[in-house]
Protein chains: 2
Amino acid sequence: MAESSTRTVERALVLLGAVCDAGSLTLADAARETDLSASTALRLLRTLEGTGFVRRDALGAYRPGLRVVQLGAQALGHESLVSLAEPALERLVDRTGESAYLSVPSHDGEGVYLAMREGTHSVRHASWVGRSIPLAGTAVGAVLTGSPAADGFVVVRDGVEADVTAIAAPVSPGARTVAALSVVVPSYRITEAEAHRIGELVAQEAATLLTRQDAAALTEDLTGEPA
Amino acid sequence: MAESSTRTVERALVLLGAVCDAGSLTLADAARETDLSASTALRLLRTLEGTGFVRRDALGAYRPGLRVVQLGAQALGHESLVSLAEPALERLVDRTGESAYLSVPSHDGEGVYLAMREGTHSVRHASWVGRSIPLAGTAVGAVLTGSPAADGFVVVRDGVEADVTAIAAPVSPGARTVAALSVVVPSYRITEAEAHRIGELVAQEAATLLTRQDAAALTEDLTGEPA
DNA sequence: AAAGGACGTTTCAATAAGTGAAATATACGG
DNA sequence: CCGTATATTTCACTTATTGAAACGTCCTTT
């Protein structure tokens, strides 16, 4: 039992993830999606339903339950990084008019948007908190995986998402990068020089995000003890 | 197998809930909290950790993981009721200066705040999305459990929470009440007449919340099919 | 320093508990 | 009216979960 793990629970969690990703899944779809037999999927989904993690709609399809919303909101509230980053995101939007994001590495080789602020241009990049983003081929990914950022920031034009240019910088209190701050711009609107200007803004915000008292608060958040 | 349910999964979900409620739990605390043996709790927590639902901080304590945040944010985004209610919440705050909430019944005989808008008074009721509230002895509870609301709204002074008066009205597209709209006011500030005035505002917003095109959208949301 | 206690972790045999194929019922579409 | 797909139940098989016990460590106490 060197690397322990409970198959039943893993399956149930995969099932939960599938339902949340799809927004709505029928039993058969869920079973296919997760490679489970219908009877097993049914049993697990019923358990998830009994605990409020999924619910059934009028047609019998499974949807994310309120427990998910509730726990998610609680967890997000406990993320002090988010509240620390919000002013920075706001300043970035103020000074660029473009959408700005805070992201962190997730568990499966992807990243997640933890907080965002929409840009003010009528044509702007739109995404949402909780969205996962690949780390390969993205500016955020380059930053989160610790690629040496020449000028303190990374610019990726038309990476995973076509038509947009992403500019990201690492949030690193000390040696380790814990998050990325990024601004995403429709590519047609941005010049090389402008990207550089925004890059410096992002890098500066990212650099000052976790200093002194901020770092103390984060340490407390990560350790559960006053720093 | 009349009422099926998998013990392992149930236990893991309870454990997840305990970690999210506490914000941070050590293994021993988690095991005590959930009446599990330390070895079982450890095994389940490891499974949750491996899937990103919990993570360990620097001291080894368990905290809600990013997967929870992610799924929660996704689920909240799929709740079209929330976006429909937001304008109503905003109007209520505009006209009363008090905090306003949208809540729905949860699975375990409680309710959950799904959306909120903070009041503008410097002394105001403060809560958060995802918070669960008892149904017994609360205005929201009375409305959600379908108590006949005399004037279309319910006022509860100093109910479960001391010093505050809650005013709630049912959101009922058709016969069934699916949600409650409420305004919560510090009791010292409100008179009988004022409560009545606010009650009518809340009742009116609640009544018009799911009409015509709104109702069609909600039906679609609940059934997964165009109405 | 030694003793005591609490915690995290691993091991392992007992068996409780999860599994999936198959059968049934119902609904849908041609 | 038949063929197909889905949701659900049943049941024998055995796999996978379980919890007591033992161990190492790190504190606090005496």
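First the proteins, then the strands, lettered A, B, ... as listed; each starts at 1.
Nearest nucleotide to the A:Thr26 side chain, out of D:dG19, C:dG20, D:dA7: D:dA7. Closest to the side chain of B:Arg43, from the set D:dT17, D:dT6, C:dT19, is D:dT17. With C:dG8, D:dG19, D:dT8 as the choices, the nucleotide that has an atom nearest any side-chain atom of A:Leu27 turns out to be D:dT8.
For A:Val9 and A:Tyr62, each mapped to the nucleotide of DNA chain D holding its nearest heavy atom, the one lying further toward the 5' end belongs to A:Tyr62. Judged by closest nucleotide on DNA chain D, A:Gly60 is the one of A:Gly60 and B:Ser37 placed further toward the 5' end.
A:Asp35 has its CG atom 14 Å from the C1' atom of C:dG20, to the nearest Å. One can place CD of B:Glu10 at 16 Å from P of D:dT17, the figure rounded to the nearest angstrom. Atom CZ of B:Arg7 is separated from atom P of C:dA16 by 10 Å (rounded to the nearest Å).
Remark: A:Ala206 engages A:Ala169, A:Val171, A:Leu181 in a side chain to side chain contact (heavy atoms under 4.5 Å, CB included) (not counting sequence neighbours). B:Glu10 is linked by a salt bridge (Lys or Arg N to Asp or Glu O under 4.0 Å) to nothing, counting only residues two or more places apart in sequence or in another chain.
The base of D:dA20 sits with one of its N or O atoms less than 3.5 Å from a complementary donor or acceptor on the side chain of B:Ser39.
Residue contacts for A:Thr8: at a heavy-atom cut-off of 4.0 Å it reaches the sugar-phosphate backbone alone, with no base atom in range.
Residue A:Arg56 has no polar side-chain atom (N or O) positioned under 4.0 Å from OP1 or OP2 of D:dA7. Between B:Arg46 and C:dT10 there is a side-chain N or O to OP1 or OP2 distance below 4.0 Å. Taking only side-chain nitrogens and oxygens, B:Arg11 comes nearer than 4.0 Å to OP1 or OP2 of D:dG19.
When all heavy atoms are compared, the tightest approach of A:Ser106 to A:Val112 is CB-CG2, 3.5 Å.
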